[in-house]
Amino acid sequence: MLPGSNRINEVYSSGTMNTKEKEKYIEEFDFPFCDEASKYEKVAKIGQGTFGEVFKARDKSSHKKFVAMKKVLMDNEKEGFPITALREIRILQLLKHENVVNLIEICRTKATQFNKYRSTFYLVFDFCEHDLAGLLSNVNVKFSLGEIKKVMQQLLNGLYYIHSNKILHRDMKAANVLITKNGILKLADFGLARAFSVNKNGQANRYTNRVVTLWYRPPELLLGDRNYGPPVDLWGAGCIMAEMWTRSPIMQGNTEQQQLTLISQLCGSITPEVWPGVENLELYNKMDLPKGQKRKVKERLKPYVKDPYACDLLDKLLVLNPSKRYDSDSALNHDFFWTDPMPCDLSKMLAQHTQSMFEYLAPPRRPGHMRVHHHHQGGAGAAGPTTRPSSSMDSGYQDRVF
Amino acid sequence: MSCVVGEDLTMKDVIDVMQLQREKSKQAISVDYREVENNFVAVRFIFECGIKLDAQPLTIATAAILYHRFFKEADSSGYDSYLIAATTLYLAGKVKDDPLKIRDVINVTHNTLNRGAAPLELGDEYWNMRDAIVQAELLIMRMLKFEVTIVHPHKFMLHYLKSLEGWCEKDDWSKMPIAKAASAFLQDFHYDPAILDYTPQHVAIACINLALQCYGGQVLPTDEGEGVPWYSVYADDLQKDKLWEIMEKIMEVYNKEPK
């Protein structure tokens, strides 16, 4: 009998075990399909966020095999297993692709008196050596143009796959892009992901717009759109692509208002002329939208991004109007990926770096985000290190369920 | 191809399950769940509570499937089937993004088990039940390897029915409530763990074929398609024997219903 059942049985009939016996029974209960977390041995903590902790761990049964273990935060145990974690698990079970992080299994700790007979759960993933934010923050890691193409091609391939499976990632950022030592890119952290549907019977979806880390958040979300789709991830892809050259996030706003201002300064004023229908978004009249701004995507990125094809693709991704923004398929067909130098393998370059690089372990990146009158790369960063906003600043950040 | 009402069929070929059902439903059956405890009644409990909770049909179907899958792995004598039933409903709400409040689940299940009882006070009994459901949810997920996504026959059935409708003469189709009957069979088949033994596609076809049989409807093949059954375009791996086996299983459900 299970712990709970026993109690409910007491309500309906009478229990058969005393407390001691029950505790022993619970401690020794064997779950044939859910292994104990102790089969892995934690080596290091490699991530921390409001989502919980991530550890690197060694598989005790084969010493060379490493995994990443992400703890499931049971913040509201009175509601049982968090619906957000369940959603993440179901999405990860659905997605099996070379460019999506692979979920191996879900593990649990033994329930003992030390954890008040509450098990902890871990999602166990294949281990990836680096994340893109960590690599970009290390000045010794240099990407050639062919290597940047390979990164972006894999990233867009991953997005193409998840979008064709009707999943939105909703938290694209360099720190959520993992790269193995063999140069294979994996999209990770589906903690904010959800399934989407095309509007049926003209009925608009009502998704939360409190998603995506501020610096990578597209204009439609900042303006309160609740009927969004795959383009939200493509905006993030554009931000990440630019970051391959600038080495730090290109628009580092501190508030949603400031983020919109930065976007307008780069992509031009947000108006119904360039984006029909924008005037109907909930926050269109509530936010202060700079007027008379010219679009300067190519102009401002040119100092960093010498390749004209790269500039052109960036210009197609960082488009204000989500319906005009390139989707992953069009992006993959862009000349950028089909002209010399062709995308090339990353493993050789990565072989020079034997240390794992994760954003969590790296020193804070230089704050030198692209400023309007900022001409040379890595120029004197005036401000101190910026704290990167986390993807979920408060619980209201995720879909409210209850 | 065309679909004709089978005037040439004699009544003895017609399995009138619907008639049987109609007779039975004349007497409203109110089950005293405390009197009997078996899987059939527990699934009935899931449906009754699910409807009272205003859960989506697919949420209730998910709960029923999770219930059967759990008891495929676990020994039914060890667990309170109503606790597991209540928990699968609660879990199904999370799985289908059709969240049910745990307090509502407790109130509804408690009142359905103890008909006429006053709502539970926020006391020990309530908190014990809440704890029981939370713990049972974790147990169920561990037993099911956290694989709680279910591919339902419903979407296949809808797709098959849609294309059959276009295939048939409008008048013939509207004479028979095929879609309604097939949906009823599909829902009722969820009472039987046998539903786990067949692919969702095959279950969908069996429900439609049983409905066609009941009403004497027939999907006639064209000249080119002589001897090719209608469902072969949807599932080329379904043999006639298998199809009839599923149809029989569906019909058996009606014998298990408490008198």
Side-chain angles (χ1 to χ4, degrees), chain A residues 1-13 15-16 25-26 29-36 72 74 76-94 103 105-108 111 116-124 194-197 207 399-402, chain B residues 33-34 37 69-70 73-75 77-87 90-106 109-110 113-114 120 123-151:
Chain A
M1 231 175 295
L2 82 153
S5 163
N6 225 337
R7 293 205 200 160
I8 212 164
N9 273 349
E10 278 171 6
V11 178
Y12 298 123
S13 60
T16 46
Y25 179 82
I26 295 165
F29 198 96
D30 184 41
F31 291 94
F33 307 118
C34 184
D35 287 345
E36 256 188 75
V72 176
M74 301 279 265
N76 200 348
E77 65 181 43
K78 298 233 156 32
E79 304 291 349
F81 200 78
I83 188 169
T84 44
L86 185 60
R87 200 186 265 168
E88 181 175 1
I89 291 169
R90 297 197 318 115
I91 287 170
L92 288 162
Q93 285 169 339
L94 168 76
L103 176 70
E105 62 178 335
I106 292 144
C107 281
R108 54 164 177 115
K116 292 191 199 146
Y117 297 96
R118 308 257 177 217
S119 292
T120 306
F121 294 89
Y122 290 94
L123 311 194
V124 182
R194 67 159 296 144
F196 69 92
S197 57
Y207 307 142
D399 275 347
R400 272 201 187 280
V401 179
F402 294 106
Chain B
Y33 293 105
R34 290 168 307 181
E37 192 180 335
R69 285 184 49 203
F70 177 77
E73 304 298 341
D75 174 13
S77 67
Y79 302 95
D80 181 304
S81 56
Y82 297 116
L83 170 64
I84 300 301
T87 309
Y90 182 53
L91 177 57
K94 292 184 184 178
V95 171
K96 300 307 279 185
D97 259 317
D98 173 28
L100 306 171
K101 289 204 181 75
I102 192 162
R103 184 146 187 203
D104 293 344
V105 173
I106 292 172
T109 49
H110 179 261
L113 276 175
N114 309 278
L120 270 182
D124 276 354
E125 194 181 0
Y126 170 79
W127 287 108
N128 283 345
M129 285 193 189
R130 185 161 179 152
D131 195 41
I133 288 178
V134 165
Q135 290 298 319
E137 180 187 65
L138 293 175
L139 171 80
I140 292 169
M141 282 197 291
R142 273 174 281 187
M143 295 298 263
L144 300 182
K145 268 176 104 178
F146 287 82
E147 287 165 8
V148 289
T149 309
I150 285 141
V151 183

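Side chains included, hydrogens not; waters and symmetry mates left out as well; all remaining heavy atoms used. Here is the naming used below: chain letters follow the sequence lines, and residue numbers restart at 1 for every chain.
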key: Any B/Val148 side-chain heavy atom under 4.5 Å of A/Ile89 side chain   = no
Under 4.5 Å to a heavy atom of chain A? For B/Glu73 that would be side chain
For A/Glu105, the salt bridge (charged side-chain N to carboxylate O under 4.0 Å, His left out) test, sequence neighbours excluded, returns A/Lys39
Salt bridge check, B/Lys101 against A/Glu79: does any charged N sit closer than 4.0 Å to a carboxylate O?
no
Are B/Met141 and A/Ile106 side-chain neighbours, meaning at least one heavy-atom pair lies under 4.5 Å? no
Are any side-chain N or O atoms of A/Gln93 and backbone N or O atoms of B/Phe146, one a donor and one an acceptor, separated by less than 3.5 Å?
-> yes
Output for pair (A/Phe31 CZ, B/Leu138 CG), nearest 0.5 Å, gives 8.5 Å
CZ of B/Arg142 to CZ of A/Phe33, rounded to nearest 0.5 Å, is 13.5 Å
Q) Would you call A/Ile83 and B/Pro99 a side-chain contact if the rule is heavy atoms closer than 4.5 Å? A) yes
Item checked: B/Ile102 side chain near A/Lys78 side chain, heavy-atom distance below 4.5 Å -> no
